[in-house]
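Input: a single structure, listed below in C-alpha cells.
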Amino acid sequence: MNADIIIVGAGPAGLLLAGDLAGAGVRVTVVERRTGESPLSRAFAVHARTLELLDMRGLADQAIAGGTTVPGLLIWDHVVIGMTDLPGRHPYMLVTPQYEIERLLMRRALGNGAELLSGHEVTGVEQDGEGVTVRVRALDEDAGTLRASYVVGADGRHSTVREAAGIGFPGHAVARSVMLADVRLTEKPRELLSVNGVRQGFVFIAPFGDGWYRIIGRDHADGDLPDDVPVNFEELKRLTRECYGTDFGMHDPRWMSRFHSEERQAVHYRAGRVFIAGDAAHVHAPAGGQGMNTGLQDAANLSWKLAAAVRGWAPAGLLESYEAERHPVGRTVLRTSGLLTWLALLRSPVARAVRNQVSGAVMNIRPLRRAVALNMLSGIAVRYPAPDGAHAWVGRRVPDLALAGDAPGRLYEALRRGRFVLVTRLGPPAGWSDRVDHVAPAEASAAARCMLVRPDGYLAWAGDRSDDAGLAEALTRWCGPAA
C-alpha cells in the first residue's frame, strides 16, 4: 500500500478530510490535478455550523480574521433572514473567498503529515477485496498506479472517482447563463448578503470585506448562452440597476465568467471501498451559499469513521453510516437552494408580489425567522438518526460547553484531538482510553449526567453516569470493543 487513504481532489472537502486523517495517524495521499492555488474565489459563504467545525480544528479564528462577518441575508430588497438569533459563538455568516479556507486547510493537512501529489490527474480507479488501485498521470507522462485501502473522491461535479465507481449522478440544470464577477463598488451596500429578483432577472451581492464584492446575476434576456460566452460588464451593471435601483458605482472587475447551475445528487455516497464527498456527491444552485459548507460537513462526518476503519476498531455499520447520515442532508440542501433559486427567477409580477408579501410576513415572526435561519442555511439544526429508544438528543449537535479542570476550556477545544469525548464529572470506564478523552463539565448541576460526543461534535449517547451498562454499550456501538 502506498497509503491507507487516497483522496482525489484538494478542494475544501478533500483538504479537511486529509488533515483529520493525517492528524489521526493515518497515511494519506492527496492527488490534485492543479499545480498551484486557484485564483478563483468560487464559494464565499461559511455558515455557523461550519465555523464550529473549523473551531474544533483550531481554525475558526484564523478564518474569521481573513473575512468579514455579516448578520444575515437580505432577500427581495426588504426581507432579512437574520442570523443573530442563532445559538453558539458564531451567530452570523462569514464571507471569505474559498481559497482562503483552502489555504488554512492545506497548511493543516501538510502540517499533520499528509502527502500532496499536485499536477497529477487520476485516470482510473479499480477496487478489489483488499484495497483500491488508482491510476495517475503527471502532466503528459505515462500513467502510474497508487494503492490504498480506501479512496475518497472529492474531485468535483465531474468526478472521475464517482464515474469509475459506477455511481449515478442524476439531476438537471436549474439556471443557465449565470454571470459571475468580482468587482469594486463606489457606493457601499448594506452589510448583508443580498439577493433580489425582478422581471428582468436576479442579482446576488456578497461583500468580501476587503473592498471586493461578489456579483452573481442572471439576465432572462440572455436565454441559454453557453458558458464560454464572455460576460458583458455593462450588461451586469444594467441588471444590477434593474434589481436594486443602482449599480453601486460598480467598477474594476478583476474576474468575470459565465456558468450554468445544476441540481444533482449522487445515488450513493459509497461503492465498496470508494467514497465520495463535496461536489462529487452533490451540486446545486449557489443560492444560500451552502455548497462548500455541505462538503466540509461531509468530510467531518467521514474522516473519523475512515480513521477507525484503518486503525481496526470500527464497529459494524460505522462506514455505512456515512451515506445514511449525509445523503439526506444533501437532499435537503438541494431542495433549499432550489426553492430560493425558483423564487429569485419568478417573472410574473403577481407571483413576485406574493413571494415578497409571504416572505415578509414569515420573517416578522421571531420563532419562524429563527427556524428559517436554523433549518435552511446555518447547518445548526442538522441531526442524524438515533437508535430506537435512545435519548431524544442523540444525533444532534452538542453545544460548545464550558469545561472544568486545572486548565478549563471548551468542549470544541477538547474535540481538536479528533477523538470521542466523554463529558462527565465522574471517572471514565476503562478500556477505551486510546480513542476516548474524558473531560468534566463546568456546570455543577451536571454532576450525575454523562454525554458521549462524537469527533464531529454530535451526541452519541446521553444518560446517567451510574448506568455503566448503558455507557459500555454505547462505547462499544460507536468506538468498538474495549482494548
Quick one: are Asp298 and His282 in side-chain contact, heavy atoms under 4.5 Å? yes

To the nearest 0.5 angstrom, please state how far the CD1 atom of Ile276 sits from the CD atom of Glu323. 8.5 Å

Ignoring hydrogens and angles, tell me if any N or O in the side chain of Asp155 forms a donor-acceptor pair with the backbone of Val161 under 3.5 Å. yes

Spell out, as yes or no, whether a donor-acceptor pair under 3.5 Å connects the side chain of Arg34 to the backbone of Ala10. yes

I want to check something: taking the side chain as every heavy atom from C-beta on, are Leu21 and Ile7 in contact at a cut-off of under 4.5 Å? yes

May I ask you to decide whether Arg254 forms a salt bridge with Asp182, counting only side-chain N to carboxylate O separations under 4.0 Å? yes

So which heavy atom on Asn196 is nearest to which on Cys243, and how close? ND2-O, 2.5 Å

Between Arg184 and Asp252 (side chain of the first, backbone of the second, donor and acceptor by atom type, cut-off under 3.5 Å), is there such a pair? no

Any donor and acceptor pair, going by atom type alone, linking the side chain of Arg214 with main-chain N or O of Ala206 inside 3.5 Å? no

Can you tell me how far the CZ atom of Arg419 sits from the CH2 atom of Trp304, to the nearest 0.5 Å? 14.0 Å

Might you confirm whether atom NE2 of His78 has over 12 heavy atoms from other residues, nucleotides or ligands at distances under 6.0 Å? yes

Please examine the side chains of Ser177 and Arg218, heavy atoms only from C-beta on, and report whether any two atoms are closer than 4.5 Å. yes

Atom pair OG1 (Thr240) and CE (Met250), whose distance is rounded to the nearest 0.5 Å: 3.5 Å

Other residues, nucleotides and ligands only: do more than 12 of their heavy atoms fall within 6.0 Å of NE2 on His260? yes

For Tyr269 and Asn301, run side chain to side chain contact (heavy atoms under 4.5 Å, CB included): C-alpha distance rounded to whole Å, both residues' side-chain angles, the deciding distance at 0.1 Å, then the answer. CA-CA 12 Å; Tyr269 285 11; Asn301 183 286; over 6 Å; no

Would you say CD of Gln357 has more than 12 non-hydrogen atoms from neighbouring residues, nucleotides or ligands within 6.0 angstrom? no

Which value, rounded to the nearest 0.5 Å, describes the distance between Arg369 atom CZ and Asn364 atom CG? 7.5 Å

Look only at the side chain of Glu121 and the backbone of Arg33, and say whether a donor-acceptor pair between them is shorter than 3.5 Å. no

Test log, rule side chain to side chain contact (heavy atoms under 4.5 Å, CB included), inputs Leu368 and Val372: CA-CA 6 Å; Leu368 294 179; Val372 169; 5.5 Å; no

Side chain to side chain, Ile81 and Met376, heavy atoms closer than 4.5 Å: no

Under the 3.5 angstrom rule, does the side chain of Arg103 hit a backbone N or O of Leu105 as a donor-acceptor pair? no

Side chain of Arg352, backbone of Arg347: donor and acceptor closer than 3.5 Å? yes

Walk me through whether Tyr99 and Met106 qualify under side chain to side chain contact (heavy atoms under 4.5 Å, CB included). CA-CA 10 Å; Tyr99 55 73; Met106 178 68 81; over 6 Å; no

Nearest heavy-atom approach of Thr160 to Val122 is CG2-O, 3.6 Å

Residue pair Gln200 / His220, side-chain heavy-atom distance below 4.5 Å: no

Between Val79 and Asn356 the two heavy atoms that sit nearest each other are CG2-O, 4.3 Å

What are the two closest non-hydrogen atoms of Pro87 and Ile380, and how far apart are they? CG-CG2, 3.9 Å

Answer yes or no: is there an ion pair linking Arg238 with Asp219, defined by an N-O contact shorter than 4.0 Å? yes

Should Val152 and Leu306 count as side-chain neighbours, where that means a heavy-atom distance under 4.5 Å? yes

Smallest heavy-atom separation, Arg264 atom then Phe169 atom, equals NH1-O, 3.2 Å

Does the distance from a Lys or Arg side-chain N to an Asp or Glu carboxylate O, for Asp227 and Arg258, drop under 4.0 Å? no

Are Ser378 and Arg49 packed together at the side-chain level, in the sense that at least one heavy-atom pair is separated by less than 4.5 angstrom? no

Is atom CZ of Arg190 surrounded by more than 12 heavy atoms (other residues, nucleotides or ligands) closer than 6.0 Å? no

Before giving the answer on side chain to side chain contact (heavy atoms under 4.5 Å, CB included), spell out for Gln297 and Asp456 the whole-Å C-alpha distance, their side-chain angles and the decisive distance to 0.1 Å. CA-CA 9 Å; Gln297 292 164 33; Asp456 55 0; over 6 Å; no

Under 3.5 Å, is there a donor-acceptor pair between the Gln290 and His47 side chains? no

If you round to the nearest 0.5 Å, how far is CZ of Arg326 from OG1 of Thr294? 6.5 Å

Report yes or no: does Asp400 contribute a side-chain atom to a donor-acceptor pair with the main-chain N or O of Gly88 at less than 3.5 Å? no

Quick one: closest heavy-atom pair of Ala285 and Ser261, and the distance? CA-OG, 2.9 Å

Calculate, to the nearest 0.5 Å, the distance between atoms NE2 and CD1 belonging to His90 and Ile64 respectively. 5.0 Å

Tell me if a side-chain donor or acceptor on Glu52 pairs with a main-chain N or O of Arg89 at a distance below 3.5 Å. no

Sole residue of Trp478, Tyr458, Tyr322, Trp393 in ring pair (Phe, Tyr, Trp, His ring centres under 6.0 Å) with Tyr384: Tyr458

His327 side-chain N/O to Ala266 backbone N/O, donor-acceptor pair under 3.5 Å: yes

Does the side chain of Trp76 come within less than 4.5 Å of Ser359's, by heavy atoms? yes

